[in-house]
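Heads up: the structure comes next, in structure tokens.
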Amino acid sequence: MTTPVTWLPGMDITAGRLAAMQQAASLLATNYGADGSGTANANPGIQEALNIARDLGGAQVVVPPGVYLIGATLRIYSNTRLTLMKGAEFRRNVAGTMIINGDAGQAFGGYTGHSRIVIEGGLWNMRGTTGGLTGSAMCISIGHATDIVIRDLEVRDLPGFHAIELNSTTHGTISGCQFRGYVDPGGRDFSEAVQLDLAKSADVFGGFGPYDHTPCEDVLVTGCHFGASGTAGTTAWPRGVGSHSATITKYHRRIRISDCSFEGTLQYAVSAYNWEDFTCTGNTFVSCGSGVRLRTVIVADTEDTKLPDGTQTSASQSMRNLSVVGNTFRSGGGYDEPIVALGETTGQVLNLTVAGNAIDGSTTAQNGIRLQRVERSSVTGNAVANSAGTGISMENCSRVIVDANQVTWAGGHGVTSVTCTQMTVSNNQIMFPDQNGMLIQAGQDIQVRGNFVKGPGRITNATYYGVRLSTAVNSVSLSGNKCRGFGSGNEAINGFSATNTCDAIARYGNDWRGSWTGANMDDLSDAPTTTATDLS
């Protein structure tokens with residue numbers, strides 16, 4: 001009996017099968033009729049090679065240098081590695097998706113679809129300004145999959161949808177890719193170059209079902225660039241990496257974005273919408289409309305507030321365990337803040353770390369860092385300079401530590417805490433803010449310790465304060481703080497000021513002396529405690 005020359009997982013590896021594996025390990029697309037001249041559609045030959053790889057149970061399909069017109073959507077299957085060699089270009093010639101994992105009509109739920117796929121190399125030219133190709137289209141679309149690697153390729157000039165969509169995918173890696181050039185065909189000013197989505201409906205993912213609300217998990221995006229191509233009629237991407245749909249009880253989890261560069265994105269470079277266990281580290285953001293947004297489900301979006309069975313909750317849900325660490329932001333735009341975390345009354349942002357980031361510049365009154373409805377968070381060791389608005393802004397937050405940050409030349413206040421509780425603001429340097437050095441409005445149980453404020457109120461003379469408490473703030477302890485005026489030009493009224501609506505203020509060991517337009521201190525609060533002894 002002749003030894004079979006095919007091998008599938010689980011079979012014994014015989015000499016005949018090894019020889020067959022070596023022969024089938026690499027399928028050259030041009031051997032199956034793929035035309036690399038750029039004058040005829042090459043997709044039939046490429047698809048034949050992909051089909052053979054499927055029938056073998058997996059193989060590598062290699063595309064040599066050349067220009068390959070893709071006149072129909074390519075289908076890639078499990079255990080396939082598609083490699084475009086240096087100098088190879090896939091040039092879209094169909095008003096649709098360039099490549100997708102599997103066939104229309106398939107019904108693999110969860111993460112059981114065509115998987116263990118590598119797509120690498122080459123230029124994927126979507127030609128979004130070319131007549132007949134300007135409608136919204138996808139480049140690489142992956143759904144219901146596991147173990148997906150997309151690396152070292154460029155997607156150029158895509159119209160409307162996404163360069164890469166990972167939908168209902170686990171264990172995905174996107175590395176070393178370039179995403180250059182975008183065309184908005186109308187109503188698509190929010191598209192991400194890399195979108196993480198869930199199998200919510202045909203409107204969300206049109207490739208195939210089932211629509212079982214499977215989210216993405218364990219995804220790494222690293223070493224990629226997001227920006228413009230320079231092609232006439234195109235812009236940089238609206239968003240770099242993100243999501244914009246959700247289902248209550250479902251989350252995208254364990255998402256990591258590292259060592260990427262985002263340049264000129266029109267909206268959010270990163271939009272972590274309904275993500276948990278998320279890290280964003282070592283990235284650079286230059287001239288982006290906004291840098292990193294952390295957002296719980298938006299209550300106003302009635303599609304996102306439904307349960308998987310369609311029941312309307314009219315509520316958000318909390319998301320947790322998020323880190324934005326060691327990134328740099330330069331020349332931020334006016335779309336939103338460089339770093340912004342936004343929760344809802346029915347769904348807060350929990351367990352957030354914002355640390356070691358360098359932020360230099362924002363426009364149109366945008367703050368440097370803004371937290372709203374965030375709980376159990378630390379904002380530490382950040383350098384925030386030249387923000388058009390407040391350096392670090394917090395509203396309706398609780399249990400947040402703001403420590404050892406440097407805020408310089410803020411166009412608004414240095415640090416604000418509005419209607420916050422159980423806060424610690426300590427050891428920060430706040431230099432030359434246009435308005436108050438620190439503003440605390442409403443809220444209670446707040447510690448203000450060891451901060452240094454220099455030159456507050458630079459925009460208008462005799463208007464602002466070094467540290468200001470107002471609007472019925474309650475139970476604030478201030479110790480070891482130091483405020484100083486600028487020494488010339490516009491100055492603040494007082495080093496410290498508290499209105500007569502404030503209560504249970506304890507302060508000692510502070511140094512409010514400076515070149516103020518009024519007294520060093522103006523404490524109108526109700527019976528402040530000013531001794532350093534224990535309060536009992």
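Values reported hereafter were calculated over all heavy atoms of this structure, with side chains retained and with hydrogens, waters and symmetry mates removed. Remember, predicted model here, so these are calculated numbers, not experimental data.
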Taking [Y]'s backbone N and O only, do any of them form a donor-acceptor pair with [X]'s side chain (distance below 3.5 Å, no angle check)?
{"X": "N167", "Y": "A199", "value": "yes"}
{"X": "R188", "Y": "G160", "value": "yes"}
{"X": "S229", "Y": "T231", "value": "yes"}
{"X": "S377", "Y": "L352", "value": "yes"}
{"X": "S290", "Y": "Y268", "value": "no"}
{"X": "N357", "Y": "A355", "value": "yes"}
{"X": "S378", "Y": "I401", "value": "no"}
{"X": "E192", "Y": "V194", "value": "no"}
{"X": "T265", "Y": "G240", "value": "no"}
{"X": "S115", "Y": "A145", "value": "no"}

Closest non-hydrogen atom pair, [X] against [Y]:
{"X": "N351", "Y": "R320", "result": "ND2-CB, 4.3 Å"}
{"X": "N274", "Y": "A246", "result": "ND2-CB, 3.7 Å"}
{"X": "L196", "Y": "S243", "result": "O-OG, 2.5 Å"}
{"X": "P64", "Y": "L28", "result": "CD-CD1, 4.0 Å"}
{"X": "E165", "Y": "M138", "result": "OE1-CE, 3.0 Å"}
{"X": "D212", "Y": "H144", "result": "OD1-CE1, 3.2 Å"}

Does the side chain to side chain donor-acceptor pair (under 3.5 Å) test come out yes or no for T222 and S258, once each step is laid out?
CA-CA 5 Å; T222 186; S258 68; 3.0 Å; yes
Is there side-chain contact between [X] and [Y], with heavy atoms separated by less than 4.5 Å?
{"X": "S314", "Y": "T305", "result": "no"}
{"X": "C260", "Y": "V221", "result": "yes"}
{"X": "L166", "Y": "I174", "result": "yes"}
{"X": "F90", "Y": "I99", "result": "no"}
{"X": "S136", "Y": "F161", "result": "yes"}
{"X": "I70", "Y": "I46", "result": "yes"}
{"X": "V270", "Y": "F262", "result": "yes"}
{"X": "T169", "Y": "V219", "result": "no"}

Atom pair [atom1] ([X]) and [atom2] ([Y]), whose distance is rounded to the nearest 0.5 Å:
{"X": "T247", "Y": "L307", "atom1": "OG1", "atom2": "CG", "answer": "9.0 Å"}
{"X": "T214", "Y": "F108", "atom1": "OG1", "atom2": "CZ", "answer": "14.0 Å"}
{"X": "H244", "Y": "D197", "atom1": "NE2", "atom2": "CG", "answer": "6.0 Å"}
{"X": "T173", "Y": "I148", "atom1": "OG1", "atom2": "CD1", "answer": "10.0 Å"}
{"X": "Y68", "Y": "L74", "atom1": "OH", "atom2": "CG", "answer": "12.5 Å"}
{"X": "M319", "Y": "T296", "atom1": "CE", "atom2": "OG1", "answer": "6.5 Å"}

Going by atom types only, do [X] and [Y] share a side-chain donor-acceptor pair under 3.5 Å?
{"X": "D309", "Y": "T311", "answer": "yes"}
{"X": "Q60", "Y": "T83", "answer": "yes"}
{"X": "R116", "Y": "N79", "answer": "yes"}
{"X": "E263", "Y": "S287", "answer": "no"}
{"X": "T279", "Y": "T281", "answer": "no"}
{"X": "T129", "Y": "D157", "answer": "no"}
{"X": "S261", "Y": "H225", "answer": "yes"}

Given side chain to side chain contact (heavy atoms under 4.5 Å, CB included), test Y32 with V61 step by step and report yes or no.
CA-CA 11 Å; Y32 301 93; V61 174; over 6 Å; no
For this output row, return yes or no: ring centroids of H252 and Y273 closer than 6.0 angstrom.
no
Which residues pass the salt bridge (charged side-chain N to carboxylate O under 4.0 Å, His left out) test with R254, not counting sequence neighbours?
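Partners of R254 by the salt bridge (charged side-chain N to carboxylate O under 4.0 Å, His left out) criterion, ordered by chain and then number, come out as E217, D218.
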Tell me, which pairs form a salt bridge (charged side-chain N to carboxylate O under 4.0 Å, His left out) where one or both residues lie in residues 393-403, sequence neighbours left out?
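The answer is E375-R399.
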Are E120 and R81 within salt-bridge range, i.e. N to O under 4.0 Å?
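The answer is yes: the pair qualifies as a salt bridge.
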Does the distance from a Lys or Arg side-chain N to an Asp or Glu carboxylate O, for K250 and E276, drop under 4.0 Å?
no
Among R239, R370, R293, find the one that has a salt bridge (charged side-chain N to carboxylate O under 4.0 Å, His left out) with D336.
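Only one option passes, and that is R370.
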Please evaluate residues E344 and V297 with respect to the criterion side chain to side chain contact (heavy atoms under 4.5 Å, CB included), reporting the C-alpha separation (whole Å), side-chain torsions for both, the decisive distance (0.1 Å), and the verdict.
CA-CA 8 Å; E344 299 265 2; V297 173; over 6 Å; no
Show your working on side chain to side chain contact (heavy atoms under 4.5 Å, CB included) between I164 and C139 and close with a plain yes or no.
CA-CA 6 Å; I164 298 173; C139 184; over 6 Å; no
Listing request: all side-chain hydrogen bond (donor to acceptor under 3.5 Å, both in side chains) pairs with a residue in residues 98-109, at least two apart in sequence or in separate chains.
Y77-D103
Within a radius of less than 6.0 Å around CZ of R253, do more than 12 heavy atoms belonging to other residues, nucleotides or ligands occur?
yes
Step-by-step side chain to side chain contact (heavy atoms under 4.5 Å, CB included) determination, T235 to D184
CA-CA 9 Å; T235 67; D184 180 4; over 6 Å; no
